[in-house]
Structure formats: structure tokens, C-alpha cells
Amino acid sequence: MPQPTPPRSPSLPRRLRIIGAASGVGAQDHECEHGPVAFHRSQAWHELEHHPLIDWGETLYAPDRPGLSPLERIAQLCARLADAVAQARAAGEFPLVLGGDHSVAIGTWSGVARTAGEPLGLLWIDAHMDSHTPETTHSGAIHGMPLACLLGRGDKRLLGFGLPGRQLLAAHTVVLGPRSYETEEAELLQRLGVRVIGAEEIAAKGFAAAFAEAVAIVAAAPHGFGLTLDLDAFDPRLVPGVGSPEPDGLGTWEVIEGLRALARAPGLLALEIVEYNPDRDRGGVTADLIADLIAAVAPPGRARG
Ligand SMILES: NC(=[NH2+])NCCC[C@H](N)C(=O)O
């Protein structure tokens with residue numbers, strides 16, 4: 001049985017285990033629940049699955065029993081997801097969670113923090129801030145709340161999957177790319193001391209400089225860090241298959257290049273890609289991008305053929 005990888009060792013090479021988290025119930029429109037299965041069936045995955053160091057572990061679903069509220073369904077999925085991610089890490093593998101709406105981040109990063117034993121750094125790349133609490137949300141949608149939960153603020157039923165209290169160190173958490181948010185969530189992040197590098201600041205200094213600054217902050221977390229990438233961070237003209245498209249956004253190449261560099265950073269513990277909505281995809285371009293993002297962090301390996 002391989003031993004867990006110590007957090008500060010270089011991230012690569014390690015086997016990458018993909019865990020699908022098929023939740024749509026955190027959003028107003030549930031279409032993202034089809035994301036993991038659609039990607040698993042796509043031509044893009046078909047080409048990637050021959051990679052000798054990438055495996056599809058399993059796909060988890062939000063339970064669908066009558067009488068369960070959306071929050072209870074998300075809580076049950078996140079509990080199982082946290083365990084699956086922790087198991088992958090205990091087996092010495094690198095977990096890559098594919099969502100599903102962004103509420104699944106509660107499970108992913110709770111599982112990673114639990115195995116690290118201490119709160120983490122996290123780079124949150126997104127068009128939104130996802131930092132509402134039940135008291136401040138305008139929509140009631142739980143995919144608008146996961147970052148607040150991971151910082152220890154939110155409904156108690158969503159806070160118990162990892163470390164007691166918080167899963168993240170606010171001082172080593174960065175939100176990169178937001179261009180659609182409400183005042184209350186921006187205020188919470190500011191109060192907690194989370195660095196937010198919004199779309200305007202990125203436009204002013206360039207993506208490469210903004211990304212480098214973000215990585216320097218999160219990678220300085222003493223017990224490791226993660227990356228969660230909401231596909232709606234990209235410009236929907238390039239990446240249409242997302243749950244909550246917002247005008248403008250990041251280019252694809254700059255982020256792929258950034259991920260390539262990040263994959264070599266010591267301390268990167270896991271990766272998450274969320275909000276894939278296959279219903280809105282056009283000609284598979286979003287699935288192709290997901291495959292490119294996975295390939296960017298995968299260890300180099302010869303194809304099994
Ligand atoms: N993961 C996402 N797509 N989040 C969108 C959140 C949008 C809005 N701020 C809300 O709370 O409803």
C-alpha cells in the first residue's frame with residue numbers, strides 16, 4: 001500500500017484520480033448534474049483515458065430520495081465526496097474532482113483539509129465569489145455559498161465534513177476573476193482578509209501577473225493548497241458549456257499555461273473543475289477544454305495506446 005504523499009513534496013509525478021461529483025441541485029438550473037457523465041462519454045475523455053497516469057475513479061451522485069431538501073442532498077453528496085477525496089490522497093493519488101455545480105467544493109476541500117490535518121490555501125478561479133451565507137444570499141442557491149462554508153461560515157449541516165471550524169486559511173485564499181457578485185459576499189471576503197483579484201484588476205495588470213500574485217499567496221500556505229476552477233471564469237464565447245454564463249471573462253490559453261506551471265508547484269494537493277453544463281456546450285468545445293486542463297496538470301506519461 002503506498003504511503004500518503006507528504007504535502008510539501010513536489011506534486012508530480014503521481015497518478016491522477018478523477019472523481020465525478022454529479023450535483024446540479026446547488027444551482028437554480030440543475031443541468032450541471034449531467035456534467036461528469038457527459039464528459040466521461042465525450043470524445044475528449046476518450047482521447048485522454050489512454051494516459052497511463054490518469055484514471056476515472058468513480059462518479060458520485062446527490063441522493064434523490066423524496067423529502068430531502070436541496071441542502072440535505074448536497075450535504076450527503078459532500079460527505080461522500082470528502083471521503084472519496086481523502087481515500088485517493090491516502091492511496092498516494094492526486095484527486096481531480098469534476099463537477100457538478102460549485103457546491104461540491106465543500107466536499108472536495110473538506111476531504112483534502114482533513115487529510116492535510118490543517119487548513120489549506122486555495123486558489124478560487126471564478127466569475128463569481130460564491131461567498132454568501134444563508135443570511136445574505138439573494139437567490140438561495142447553495143452554489144453561491146461554498147467558499148463561505150469552507151471559511152467556516154454557513155449552515156451547520158454543510159460544515160462537518162473536514163476539520164472542525166474552517167478548512168481554509170483566509171490569508172492564503174485568493175478569488176481570481178470575479179465579475180459578477182453581490183456586495184455582502186465581497187464584504188465577507190474583505191472582513192476575513194481574503195485577497196480578491198477581480199476582472200478589472202486582471203485587465204489592468206494582465207492575467208500572467210495576476211495569476212503569479214495569486215499563486216504566491218496560496219502556495220505559501222504551510223500545509224499545502226488547492227485550486228478550484230469554475231468554468232464560468234472563462235469567456236462564454238470560448239467556453240459556452242457552463243451553468244451560469246457571465247459576459248467577458250478569461251481566455252483559455254492563459255489559464256492552461258498557468259495550470260502547467262502550477263502543477264509543478266510543491267504543495268499542490270488537489271484540483272477541482274466545476275459547473276460543466278453539457279446542454280449549453282457547442283461542438284464539444286467545453287469538453288475539449290476540460291480535457292486540456294486535466295492534461296495540463298497530469299504527469300507526463302506515454303500513452304497506453
Ligand atoms: N457557482 C456559481 N455559478 N455561482 C453563482 C452564484 C450567483 C449568485 N451570486 C448567487 O449567489 O446566486
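Predicted model only: the values in this text are computed from it and were never measured. One is the number of the first residue; the rest follow in order along the sequence. Values below: all heavy atoms of this structure, side chains included; hydrogens, waters and symmetry mates excluded. Order of listing sets the numbers, starting from 1, for every ligand and every atom in it.
Residue Ser244 approaches ligand 1 through these ligand atoms, each under 4.0 Å from one of its heavy atoms: 3 (N). Close approach to Asp232 involves these atoms of ligand 1, each under 4.0 Å from a residue heavy atom: 3 (N). Within the listing of ligand 1, atoms 9 (N) sit less than 4.0 angstrom from a heavy atom of Glu185. Near His102, with a cut-off below 4.0 Å to any heavy atom, the atoms of ligand 1 are 1 (N).
Within the 4.0 Å heavy-atom criterion, neither part of Asp101 lies near ligand 1. With a 4.0 Å heavy-atom cut-off, ligand 1 is reached by no atom of Val274.
Closest heavy-atom approach to atom 1 (N) of ligand 1 within the set His128, Met145, Glu275, His132: this belongs to Glu275.
Residue-to-ligand polar distances keep Asp126 apart from ligand 1: every N/O pair is separated by 3.5 Å or more. Any N or O atom pair closer than 3.5 Å counts here, and Ser139 shares at least one such pair with ligand 1.
Of the protein's non-hydrogen atoms, the one nearest atom 8 (C) of ligand 1 is Glu182 OE1, 3.7 Å.
Placement of Val97 and Leu158 in two distinct hydrophobic clusters is found when ILVMFWY residues are connected by side-chain heavy-atom separations under 4.5 Å, directly or transitively.
Once rounded to the nearest 0.5 Å, the distance linking CZ of Phe94 with CG of Leu16 reads 6.0 Å.
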Begin from the C-alpha positions of Ser244 and His143 and carry the test side-chain contact (heavy atoms from CB on, under 4.5 Å) through to its verdict.
-> CA-CA 10 Å; Ser244 324; His143 73 161; 3.5 Å; yes

